[in-house]
Amino acid sequence: KLIYLKNSAYQKHRNYSQILQEKNSIEKVTKRLNSQKYVPFMQEINFRMDEANRSILVQVHSSQSYKELYSYCNTFGNVKKMMHYSCGVEPMHFIIVEFEEESNVKDILSASTHTEDSQVVPTYSQFLWFRASSRKLSKLKQSKTAVLTCEDATTIVKESEVKDMLLKCEDVSEQMITLYENTKLNDVGSRLRFLTAKQLESTVSGMFPNANAFPFGSSVNGCGKMGCDLDLVLRLDNVKENNKSRLIYHCKAYSGSERSTSQRHMETIGDIIHLFLPGCSQVRRILQAKVPIIKYHQHLTNVECDLSMTNMSGVYMSDFLYMMGSIDPRVRPLIFAVRKWASEVGLTNPSPGRWISNFSLTLLVLAFLQRPINSEPILPSLNTLTKFARPEDKYITEDGINCTFLRDLNLLSFKTKNQESLSDLLAEFFEFYSQFDFGSKAICLNEPVSLTKPEHSAMYIVNPLERGLNVSKNVSLEELEKFKVEIRSAAWALESQENKIGNWGLLSIFERRNNPSQFTLSSKHRMMEVSTLFNEENPIEFKNNNVKNQVESI
Ligand code: GTP
Ligand code: MG
């Protein structure tokens, strides 16, 4: 009855009354976060990967199909969890079925079939649809009633709903918690991203049985909001040290330089995604960038993917951000508020360019929290984490980037005495950077000092894992000026607010003031911005190079 899925699209939505019921007080959230034991990043990633290995994604007729689907699936093994979501104007329905065992998924997949349509590519993946059955059969199946309820999975909260919630809050701190709790990536969002990674991994597994597609970036570092992109690094094999076997695989040697070979490989992976992967479309290859990437959209999970095949430093960076976000319950709500503010006032833009990125903003928040605030830092420096690293925390990428730092927070003896409210921290963040000497100083997370800038980029944030690199090298002088204007404006708006009139608190800083945003630039103007950027002699580091693609798509 299960048929391998070809293609379809869905959008996420969520029931408003449900959100209101879930309204969280700061105390509740803080208590919950404080009572949770820290799960190290790699453990969490492995848990999610295992969950994806034990899951299938099934398109169904309606939410009512879950009982029948449950009965069907349960004949292959114990179903642990079912989560339903629907989407679109003419709603399409999907159910994630999680089994107890990975072997159950193997069994159900080998029993599944393709449509008899000779026009489809008969690929195998964990994306399927549930064929309607004859009435008789359906009644028979339903008599074995499902013992499991199917969770109605929540998805994106509408902007207007978030705004209503923020207006109803008691104070700015509660607004920040509310924003964070209602826009952060939820369980289903996370499952869908790991299923998307799994699809790619199993596609290449025929030739590369040890291949891994590791999610990194905001999908896993705790800073992701619903609908965030999925950054993936595809590794074709694990490096096995000390394998003394006398039998060695015959392999093809690289033809040409490592870079050109890797570009060819990525081109081929791009073709495979485009031609054979169900649900994947809009494949764009950005291979001239310092880090070549392939962008594509997975419609079945509604996830935009950025795939690279480089080293693991992006994953280790995510580990660092994830740890920092877990040290204190105020960190992530503060990051969310700052990222939302920057997006609302037009400082950031979904496409990369001369403006500050979400990643740089996140590092600005962390660097601020590492400094003494009322003489007490809230976060330790990276050097402190490195000092406590154990032998098992030693990670060095193939190209020599040292990513060694303590991975288990339970072993960190750092506890801040700072008890400031979120609203005070937000105001102080704006205050701190409105006075920061961007002209001569660099921001550094390795140690809590501001260093002298080693070169003339407008903004300099030392890449914590590769200290010779500037994460915000792309930021132009003009964008830095806008940033400073907006940050002063926000500091002033928060400070001068006495009562809750109109769009108060967070909503007041989300209003655009002096800065005509990039979003309002004409496409011609934007294309000029993007093409100048790409023609620079010294291309912007890492992902920002993917502007070439923007030029092509414009
Ligand atoms: P959103 O996708 O905007 O939600 O945030 P994100 O943190 O995922 O940012 P993005 O997708 O742009 O980048 C994903 C990851 O790539 C980041 O978390 C970093 O680890 C890494 N990254 C992004 N930009 C840079 C950069 O300029 N330099 C370096 N070294 N790494 C970067
Ligand atoms: Mg991302």
Side-chain angles (χ1 to χ4, degrees), residues 41 45 156 180 183-185 189-190 193 196-197 214-233 286 289-297 303-325 331-332 335-336 338-343 347-366 382 395 397 399 401-403 443-446 457-475 479 533 536 538-547 549-550:
F41 178 78
I45 294 279
I156 288 179
Y180 167 64
T183 57
K184 70 176 181 194
L185 190 65
S190 189
R193 279 160 181 75
T196 306
F214 284 100
F216 69 103
S218 61
S219 294
V220 290
N221 66 18
C223 305
K225 56 174 191 165
M226 287 303 297
C228 68
D229 69 359
L230 169 65
D231 302 289
L232 276 178
V233 56
I286 298 112
K290 182 179 167 204
V291 176
I293 62 167
I294 300 217
K295 287 174 98 65
Y296 66 96
H297 190 74
V303 175
E304 183 65 28
C305 305
D306 279 3
L307 170 71
S308 60
M309 287 178 72
T310 47
N311 61 44
M312 292 281 283
S313 66
V315 178
Y316 301 143
M317 178 73 82
S318 303
D319 193 347
F320 172 61
L321 300 190
Y322 170 87
M323 275 190 85
M324 288 305 214
V331 178
R332 288 175 185 155
I335 292 175
F336 267 64
V338 170
R339 285 167 65 141
K340 177 76 174 159
W341 157 77
S343 139
L347 288 173
T348 50
N349 185 312
S351 57
R354 293 176 177 277
W355 33 88
I356 192 164
S357 66
N358 270 336
F359 176 55
S360 293
L361 278 174
T362 306
L363 295 186
L364 286 185
V365 174
L366 299 182
L382 177 58
Y395 288 88
T397 63
D399 34 3
I401 307 167
N402 192 342
C403 303
I443 290 129
C444 175
L445 287 88
N446 302 70
S457 304
M459 182 186 263
Y460 201 109
I461 304 175
V462 178
N463 181 331
L465 299 179
E466 286 179 86
R467 293 192 61 166
L469 299 179
N470 174 12
V471 166
S472 53
K473 191 171 180 164
N474 60 310
V475 178
E479 286 297 323
L533 187 65
E536 271 188 4
N538 192 359
I540 276 85
E541 186 203 348
F542 201 67
K543 298 184 61 177
N544 292 322
N545 281 335
N546 68 13
V547 289
N549 168 59
Q550 305 299 325

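Predicted model, so just to flag it, every value in this text is computed and none were measured. Numbering of ligands and ligand atoms starts at 1, following listing order.
Considering each of Gly217, Ser218, Ser360, the one bringing a non-hydrogen atom nearest atom 1 (P) of ligand 1 is Ser218.
Here is the list of ligand 1 atoms found below 4.0 Å of a heavy atom in Val471: 27 (O). The Arg339 neighbourhood of ligand 1 comprises atoms 1 (P), 3 (O), 4 (O), 5 (O), with distances under 4.0 Å to a heavy atom of that residue. Shown in contact with Asp229 at under 4.0 Å from a heavy atom are these atoms of ligand 1, numbered in order with element: 2 (O), 11 (O). Set against the non-hydrogen atoms of Phe216, the atoms of ligand 1 under 4.0 Å away are 15 (C), 16 (O). The contact set between ligand 1 and Met317, taken as ligand atoms under 4.0 Å from a residue heavy atom, comprises 20 (O).
Nearest heavy-atom pair, Ser318 versus Asn221, reported as atom, atom and distance to 0.1 Å: O-CB, 3.6 Å.
Here Lys290 has no heavy atoms under 4.0 Å from ligand 1, in either its backbone or its side chain.
In this structure, Glu466 has no heavy atom closer than 4.0 Å to ligand 1. Heavy-atom separations between Asp231 and ligand 1 include at least one value shorter than 4.0 Å.
Looking at heavy atoms from C-beta onward, Leu363 lies out of side-chain contact with Ile443 at the 4.5 angstrom threshold. Phe216 has its side chain out of reach of Met317: every pair of non-hydrogen atoms, C-beta onward, lies at least 4.5 Å apart. Contact of the Leu185 side chain with the Arg193 side chain is registered, since non-hydrogen atoms from C-beta on lie closer than 4.5 Å.
Tyr395 and Tyr316 have tilted rings, their planes meeting at an angle from 30° to 60° on a 0 to 90° scale.
Remark: Arg339 is not positioned above the aromatic ring of Phe359, lacking an NZ or CZ atom under 6.0 angstrom from the ring centre and at most 45 degrees off the axis.
Residues satisfying the side-chain contact (heavy atoms from CB on, under 4.5 Å) criterion with Asn311, sequence neighbours excluded, are Ser313, Thr397, Glu398, Asp399, Ile401.
Expressed to the nearest 10°, the angle at the Mg ion (ligand 2) joining OD1 in Asp229 with OD2 in Asp231 is 100°.
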